[in-house]
Amino acid sequence: MVPYVTTIFGGLHAGKMVMLQGVVPLCARRFQVDFQCGCSLCPRPDIAIHFNPRFHTTKPHVICNTLYYGQWQTEARWPGLDLQKGASFLIVFLFENEEMKVSINGKHFLHYRYRLPLSRVDTLGIYGDILVKAVGFLNINPFMEGSKEYPVGHPFLLYSHRLEVPCSRALPQGLWPGQVIIVRGLILQEPKDFTLSLRDETAHVPVTLRVSFADKTLAWVSPWGRKKLISAPFLFYPQRFFEVLLLCQEGGLKLALNGQRLGATSLDQQALERLRELRISGSVQLYCVHY
């Protein structure tokens, strides 16, 4: 529902990405996405970044600005807005050290230098003429070193399109260096466990990642059942969203959870190429499995 105001857990920092998926109504005049320093109604909070597409003029454009102590600063204007009335869109806000970059439907559109510290932002507000389908708070792929490009933003599936669990996905060509498996979902209210496994053409299971909520552990499990605990804070919580990334590289798989690297497991290249199935089970609702 719009207006939509929500806390940005953990705040904003360089490397954070916010994805907004929605539709511009046919009667739209304007909408705005505000990255706010608080959520009070009176006094009005500072707005570090005000992103404001406008459709009611002869030349649709975007205004960006900053509200500081109740005063708007000098506005910045970008013409050539690539949002159409009645059409769906995917906007990606990518936060870097000195500026925010925005892409619309996969194309870079603008960049806006910060006028207030990014660390002050803790609230997202969406207002005006917009139908919101999904909002996501993600980190740049943690395996990308020094990349200046936009991370790949895979659109979110709506809640009505949850994937069935257990979930199985074929890997007809196995895995190869550079491939990333992305799993996104929601932990159930009273979770017991969560398992992600990779099986080869003989139904052998050389790779298993197991999450246990009883003892709050995350572990790699060998084909013989031996556990290798992953030494990291336990980041799975009931009724919270999660994102698991597995990066295939020569010699094994690297793991990241919610944008944090959590180590790796060893597997030779031939074993990676023989993998034929990704299977996910446990106390989760799945919204995205991509590879």
Side-chain angles (χ1 to χ4, degrees), residues 1-25 27-57 60-78 81-83 85 87-96 98-105 109-140 153 155-156 158-159 186 239-241 258-259:
M1 297 292 293
V2 176
Y4 175 73
V5 179
T6 186
T7 299
I8 304 174
F9 291 100
L12 286 184
H13 53 79
K16 196 89 167 187
M17 179 171 68
V18 176
M19 296 170 59
L20 173 61
Q21 189 177 356
V23 175
V24 180
C27 59
R29 291 178 57 83
R30 63 171 68 187
F31 71 85
Q32 65 194 63
V33 180
D34 291 342
F35 294 93
Q36 305 174 185
C37 308
C39 58
S40 64
L41 296 178
C42 186
R44 189 176 183 184
D46 289 343
I47 300 174
I49 301 169
H50 169 76
F51 176 83
N52 179 207
R54 300 181 180 181
F55 306 94
H56 62 282
T57 63
H61 58 278
V62 169
I63 295 294
C64 284
N65 207 340
T66 296
L67 182 71
Y68 184 57
Y69 279 101
Q71 299 292 321
W72 287 109
Q73 308 302 298
T74 303
E75 69 179 26
R77 180 186 299 250
W78 282 267
L81 175 60
D82 190 22
L83 289 175
K85 291 184 179 181
S88 60
F89 64 81
L90 176 67
I91 300 177
V92 174
F93 300 90
L94 175 61
F95 297 90
E96 298 189 335
E98 303 293 333
E99 64 181 8
M100 173 194 72
K101 292 181 178 179
V102 178
S103 73
I104 298 177
N105 297 330
F109 181 67
L110 65 81
H111 55 88
Y112 182 74
R113 290 186 65 84
Y114 306 135
R115 300 175 183 178
L116 293 178
L118 196 61
S119 59
R120 289 192 56 201
V121 177
D122 58 13
T123 303
L124 170 68
I126 303 174
Y127 312 90
D129 304 322
I130 180 176
L131 299 176
V132 177
K133 290 185 175 180
V135 178
F137 302 92
L138 304 172
N139 291 288
I140 295 176
F156 290 77
L158 300 183
Y159 291 161
L186 178 76
Q239 295 293 287
R240 293 284 185 89
F241 286 94
N258 296 345

Would you check if [X] and [Y] make a side-chain contact, meaning some heavy-atom pair closer than 4.5 Å?
{"X": "Phe137", "Y": "Thr6", "answer": "yes"}
{"X": "Phe55", "Y": "Leu83", "answer": "yes"}
{"X": "Trp78", "Y": "Tyr112", "answer": "yes"}
{"X": "Ile104", "Y": "Leu81", "answer": "yes"}
{"X": "Asp82", "Y": "Phe109", "answer": "no"}
{"X": "Val132", "Y": "Val2", "answer": "yes"}
{"X": "Val121", "Y": "Ile49", "answer": "no"}
{"X": "Leu20", "Y": "Ile130", "answer": "yes"}

Considering all heavy atoms, the nearest [X]-[Y] contact:
{"X": "Leu116", "Y": "Leu67", "value": "CD1-O, 4.1 Å"}
{"X": "Lys133", "Y": "Val23", "value": "CE-CG2, 3.7 Å"}
{"X": "Val92", "Y": "Met19", "value": "CG2-CG, 4.2 Å"}

So, taking the atom named [atom1] in [X] and the one named [atom2] in [Y], what distance separates them when rounded to the nearest 0.5 Å?
{"X": "Phe95", "Y": "Leu12", "atom1": "CZ", "atom2": "CG", "answer": "4.5 Å"}
{"X": "Ile8", "Y": "His13", "atom1": "CD1", "atom2": "NE2", "answer": "10.5 Å"}
{"X": "Leu110", "Y": "Phe93", "atom1": "CG", "atom2": "CZ", "answer": "8.5 Å"}
{"X": "Arg113", "Y": "Cys64", "atom1": "CZ", "atom2": "SG", "answer": "14.0 Å"}
{"X": "Gln21", "Y": "Leu131", "atom1": "CD", "atom2": "CG", "answer": "12.5 Å"}

Using the test side chain to side chain donor-acceptor pair (under 3.5 Å), find all partners of [X] that sit at least two apart in sequence or belong to another chain.
{"X": "Arg30", "answer": "none"}
{"X": "Arg77", "answer": "His61, Glu75"}
{"X": "Thr123", "answer": "none"}

The complete set of salt bridge (charged side-chain N to carboxylate O under 4.0 Å, His left out) pairs with one or both residues in residues 115-129, sequence neighbours excluded, reads Asp46-Arg120
Review point. Can you name the residues that form a side chain to side chain contact (heavy atoms under 4.5 Å, CB included) with Asn105, not counting sequence neighbours?
Key: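 With sequence neighbours excluded, Asn105 shows a side chain to side chain contact (heavy atoms under 4.5 Å, CB included) to Phe89, Leu90, given in chain and number order.
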Results of salt bridge (charged side-chain N to carboxylate O under 4.0 Å, His left out) for Arg44 - residues two or more places apart only: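 If we apply the salt bridge (charged side-chain N to carboxylate O under 4.0 Å, His left out) test to Arg44, skipping adjacent residues, there are no hits.
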Note to self: Can you list everything that forms a salt bridge (charged side-chain N to carboxylate O under 4.0 Å, His left out) with Glu99? Sequence neighbours excluded, please.
What the structure shows: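 For Glu99, no residue satisfies salt bridge (charged side-chain N to carboxylate O under 4.0 Å, His left out) once neighbours in sequence are set aside.
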Ring pair (Phe, Tyr, Trp, His ring centres under 6.0 Å) filter on Tyr114, not counting sequence neighbours, yields none
Run the side-chain donor-acceptor check on residues 31-39: report pairs under 3.5 Å with partners two or more places apart or on a different chain.
from	atom 1	to	atom 2	distance (Å)
Gln32	NE2	Asp34	OD2	2.8
Asp34	OD1	His50	ND1	2.7
Gln36	OE1	Tyr127	OH	2.7
Gln36	NE2	Gly38	O	3.1

